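The sequence lines fix the lettering, A, B, ..., with proteins before strands; numbering per chain opens at 1. Keep in mind it's a predicted model, so treat the numbers as computed, not measured.
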Amino acid sequence: MSYELQINTEIIPPSHPLEKGGKGGIDYEKALNPQQLEAVCMLTGPALVIAGAGSGKTRTLVYRVARLVEKGIPPQSILLLTFTCRAAREMLQRASLILSDTCQQVRGGTFHSLANQMLRKFSHHIGFSPSFTILDRSDSADAINLLRLSLGLDEKARRFPKKDTIAEIFSKAVNKAITIEQVLEEEFLHFMEHSEALKKLYLLYTEYKNSHQLMDYDDLLVKWKNLLEERPDISDQVSRRFQYIMVDEYQDTNRLQADIVRLMAATHNNVMVVGDDSQSIYSFRGANFKNIMDFPNHFPGTRIITLEENYRSTQQILSLANSLIAKAREKYTKCLFTRRPGGVSARLAPVPDENAQSRFICERILSLRRNGVPLSGIAVLFRAGFHSFNLELELTKAGISFVKYGGLKLMEAAHIKDVLAHLRVVVNPCDLLSWHRILLLINNIGHKTCQRIMDWLRDTGFSLSRLGEYPIGPRIEEGLADLCKVLEAISTPGLKPQERLERLTAYYEPILRRIYYDDYPKRLKDLEQLAVITNNYESLEALLADMVLEPPEAGASDAAMSDRDTERLTLSTIHSAKGLEWHTVFIISLAEGRFPSSYACESDEAIEEERRLMYVAVTRAKETLFLSYPVSTYTPKDGRIMARPSRFINDIPRSMFESREETGTSFATGRDSYTGTEQIPSQPGRDEEDEAGLKTKDGMLQAGAHVHHTIFGTGRVRQVLDGQKVVVHFDGTGLKTLHLGYTTLSVVR
DNA sequence: GTTTACGCATCCCCG
DNA sequence: ATGCGTAAAC
C-alpha cells in the first residue's frame, strides 16, 4: 500500500510495550491514556467521543476494534463506518497487527459503500435490479440537463441555474431533509423564481432514475434509509447482523446519515461515534456539525468522552492552531494541550507572486531534504486543487517527485467516461445516460439520431442483441454495426473484466484519435492506467461501483505509487488531508479570495467553515509549519493585481511567527533548524488531576462567576443558556458560547 | 433537418 | 482544459 508512508497517523513509540498482542494479550492500560482507555473498554451502549486533532482518535478506534474481537465478538458483526474506504482499510489493518488477522473480517467502509452493498442485496424490495448503475456527480448533472432540455426549460431570457447548480440544489435538499424551496431560500435566493420549474424537474429526475436502474450518491443513502424505515423485518435483520457500530468523522455526517445510524442501531444501541466539531469541513455536502451535539439526544444515556491531549504537534504549532480557532464565533467543546513543549515557530513567508511562491517551496524542500527530512514527511496543502498547478511545474523542473491528492480524478476525464459507459450498458442495458454518451461518439450521429435510437431501444425493451436490427440510414450503418459487434463481444459471459476492456479499447482507440487528434497519446496512457486497475477486479459490477465510490486519482497509478524506492512529496487539498500528518507542512496561497475562497466571503457561516479548514490544515503539522502568501496574483482577466493576505494570517498574533518575517525575495537565505531525529511523544501514564478547578455540570455556574479556560484565559459568565450552554466574556477574546457538556471550565475564586 | 466546428465563458472542497 | 451555444457545412 502506497499510503503507508504518509499516513503514519500516530506512530507507535519504540519503547512502547508490546504492540503485537502475543499470548499475554494487549496491554491497553499502557497503550492508552485514561480517556482513550475508557472509550476502548466501553463495549456496549451509546458513546460520543469528542476527539481533538491529533488526540489519538484513530488509535482509539483501532484498539476498540481489537478489544471487541479479543472479547469474542464475531468480527462480522462489527461495523466501522469511515469517511473514505481507504481509512477503513488502514484501521482494520492496524487492528490486525495488534491482535490478529480476524480483524480484517470486520465490515468497514463509507456510508455509500455499505449502502451499495445492502441495496444490491435487497434490490428486489425496492423495485431495482441488483445490477443498477451508480451515477457520480457529473453523471447526475448530465441526466438533469437532458431532462431539463426535454422540459423546454432552456429559455435563455430568464437565467436558469446550470446543470451543476441544479444538481447541487437537489442534493442539498435530500441531504438536509428539507424542501427545494427551503434550499433556494437559504442559499440560492436568486433562483427563487424558478422554484416551480425546479420542483417539476426534480420529480422527473427521480422518475427517470427509477425507471432506468440508476441511483445517484444521495439515492444510495435515501433508499437505504427508506428500506430500513419501511421494512421492519429487514431493518431488524440488518441491525442484528451489526451488533457493534462505530462511526468515524461524525462531524462530517449529515442528517440522512445520522438517521441511518439510528436505524441501524435500533435493536441494540451499541454505537460509538467519534468526531471533532472544530474540524467540520463538509457543510457543502449537507454535513452539519450540530449532528454531533445532537447525538446524545437521539441516544439517551450516551457516555461522552473527550480526548484533549494532542500527541502530534509541538506546543508552538498547537498554540497557533488554538489562536486560530479561538477567533471562531461559536462553540468549543474541548481544549487541546500537548506535552511537547517548545518547537520551532511557524514561518510566515510573503512572496511577490505565485512563481516566487513555487520557487520558495522548492528551495525549502531541497533544504529540508538536505537536513534529513524525507520527502514523505513533507506536504504542501492548499484550498483548491488548481492552486498547486504552478507549483507542480516548478517541482517537476526541480526534479522533486510528488503525488497529488484531491486533484482531478481519473473518472472525470471524458475519455475514461466514454469507455466506462460501454461497460455500463453491458451490465445495465437500460442505462440511457450511458447509451447517450456512447451513441454520440459514432460518426454522423448527433442529438436527433441519438434520441431516435434511444427511443427505439426503450421500445424494444433494451435488448443489446437487437441493436443491430435498428432500421438505419446508410450514413450511420457502419458505425452502429461496429458498436454492436463490440458490445456483443464484451458481453460474452465468462470473460474477465480486463479482457473486455482490451477488446473495448481496440474499438475505442480510433474514436479517441478522431476526437482528440492533438493529444490522444496522453489519453491513451489514462486508458492504460484503467487497464491496470481493472486487472484487480473479477467482476465488472465491482469495478464500476468502485470507480464511482472510491474514484482513483488521475496520473498516480497504483503501480507507480507502490514503488517504495520513490520517495514522494505530498500535494493535497486540505479536504483530502483530513486525518493525516507530516513532519513539515506548507500551506500556500493564503490570500483573500483563494483561502478563504471567494465563494465563502458572502456568508459568515461559510467563513467559519473556512476557518475550521485552516485549523485542520495547521494541525496536520508535527514539527514545522510554513504559511506563504503571494503579494500579487496574475489572472488572465485583470492582469496583475495586488492580493490581500488571508484574514486568517491576521488572526494569528505576530508573536507566534518566527521573529523576522521572511520577506521579498531574500527568503532563500533563511536557515532551517531541525533536530533531525524526531521526538515521538510517549503516551502518558496518568493525567494530572483537576487543578483548583471544578468540573462544571448543568446549572452549577451562575451569571457573574469568574472562570478560567485553558485557551481563552479568564473571564466572567454573562449568561447561562438552557443549562447546557453558557456565555462567557473573556478578558482576551470577548464573548464566547461554551457547551458545558463537553468543555471544562475552572471556577476562579 | 442534422451534424460538426468554432468561439465563448468558466473553473472549490467530495462519496 | 471542459462545456456550453451558435453558425457554418453536410
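- Per the geometry, CG belonging to A:Leu135 stands 20 Å off P belonging to B:dC14, to the nearest Å.
- For A:Asn444, the listed nucleotide lying nearest its side chain is B:dT4; candidates were B:dT4, B:dG15, B:dC12.
- We find that OH of A:Tyr516 is positioned 7 Å from P of C:dT2, with the value rounded to whole Å.
- The residue among A:Cys450 and A:Ser113 whose nearest nucleotide of DNA chain B lies closer to the 5′ end is A:Cys450.
- Considering only side-chain atoms of A:Lys163, the nucleotide from C:dG3, B:dT10, B:dG15 that sits closest is C:dG3.
- For A:Phe595 and A:His387, the gap between ring centers reaches or exceeds 6.0 Å.
- Across B:dC11, B:dT3, B:dC13, the shortest atom-to-atom separation from the side chain of A:Lys448 is found for B:dT3.
- A distance cut-off of 5.5 Å between ring centres, combined with a plane angle under 30°, leaves A:Tyr282 outside any stacking arrangement with the base of B:dC14.
- OP1 and OP2 of C:dC4 both lie 4.0 Å or more from every side-chain N or O belonging to A:Arg148.
- Side-chain N/O atoms of A:Asn145 include one lying less than 4.0 angstrom from OP1 or OP2 on C:dC4.
- B:dC14 atom C1' lies 14 Å from atom CD of A:Gln251, rounded to whole Å.
- A side-chain donor-acceptor contact under 3.5 Å links A:Asn116 and A:Arg120.
- Distances shorter than 4.0 Å separate some side-chain N or O of A:Arg452 from OP1 or OP2 on B:dT2.
- For A:Ser598, no side-chain nitrogen or oxygen approaches OP1 or OP2 of B:dC12 to under 4.0 Å.
- If A:Ile442 and A:Glu609 are placed on DNA chain B by their nearest nucleotide, the residue sitting closer to the 5' end is A:Ile442.
- A:Lys162 has its NZ atom 9 Å from the C1' atom of B:dC11, to the nearest Å.
- Dashed line: the shortest gap from a side-chain N or O of A:Ser576 to OP1 or OP2 of B:dC13 is not under 4.0 Å.
- Between the P atom of C:dA1 and the NZ atom of A:Lys522 lies a distance of 6 Å, rounded to the nearest Å.
- With respect to the salt-bridge test (charged N to carboxylate O, under 4.0 angstrom), the residues A:Lys209 and A:Asp218 do not qualify.
- Across all strands, A:His387 comes closer than 4.0 Å to no nucleic acid atom at all (heavy-atom distances).
- Following rounding to the nearest Å, A:Tyr599 (OH) and B:dC13 (P) show an atom-to-atom distance of 9 Å.
- Around CZ of A:Arg514, the count of heavy atoms belonging to other residues, nucleotides or ligands within 6.0 Å exceeds 12.
- No option in A:Lys409, A:Glu412, A:Lys417 other than A:Lys417 meets the side chain to side chain donor-acceptor pair (under 3.5 Å) test with A:Ser138.
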*What would the secondary structure line of DNA chain B be in dot-bracket form, counting Watson-Crick and G-U wobble pairs under 3.5 Å, with [ ] for pairs that cross earlier ones and | for pairs with another strand?*
||||||||||.....
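- Among the protein residues, A:Ile445 comes within range of the sugar-phosphate backbone only, with heavy atoms under 4.0 Å from sugar or phosphate atoms but none that close to a base.
- Nearest nucleotide to the A:Ser597 side chain, out of B:dC13, B:dC11, B:dC12: B:dC12.
- A salt bridge does not link A:Asp252 with A:Arg285: none of the charged nitrogens is closer than 4.0 Å to a carboxylate oxygen.
- Environment of CZ in A:Arg255: sparse, with no more than 12 heavy atoms of neighbouring residues, nucleotides or ligands closer than 6.0 Å.
- Distances shown here put a side-chain N or O of A:Asn443 below 4.0 Å from the OP1 or OP2 atom of B:dT4.
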Under 3.5 Å, side-chain donor or acceptor atoms of residues 161-169 of chain A against the rest of the protein: list the pairs with distances, not counting sequence neighbours.
residue  : atom : partner  : partner atom : Å
A:Lys163 : NZ   : A:Asp142 : OD1          : 2.4

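- Look at CG on A:Leu408: it is 9 Å from P on B:dC13, rounded to the nearest Å.
- Contacts of A:Arg458 classified as salt bridge (charged side-chain N to carboxylate O under 4.0 Å, His left out), with partners at least two apart in sequence or in another chain: none.
- Listed nucleotides: B:dG15, C:dG5, B:dT2. Nearest to the side chain of A:Thr449: B:dT2.
- Closest contact between the side chain of A:Ala384 and the listed nucleotides B:dC13, C:dC4, B:dG15 involves B:dC13.
- The NZ-C1' distance, from A:Lys172 to B:dC14, rounds to 12 Å in whole Å.
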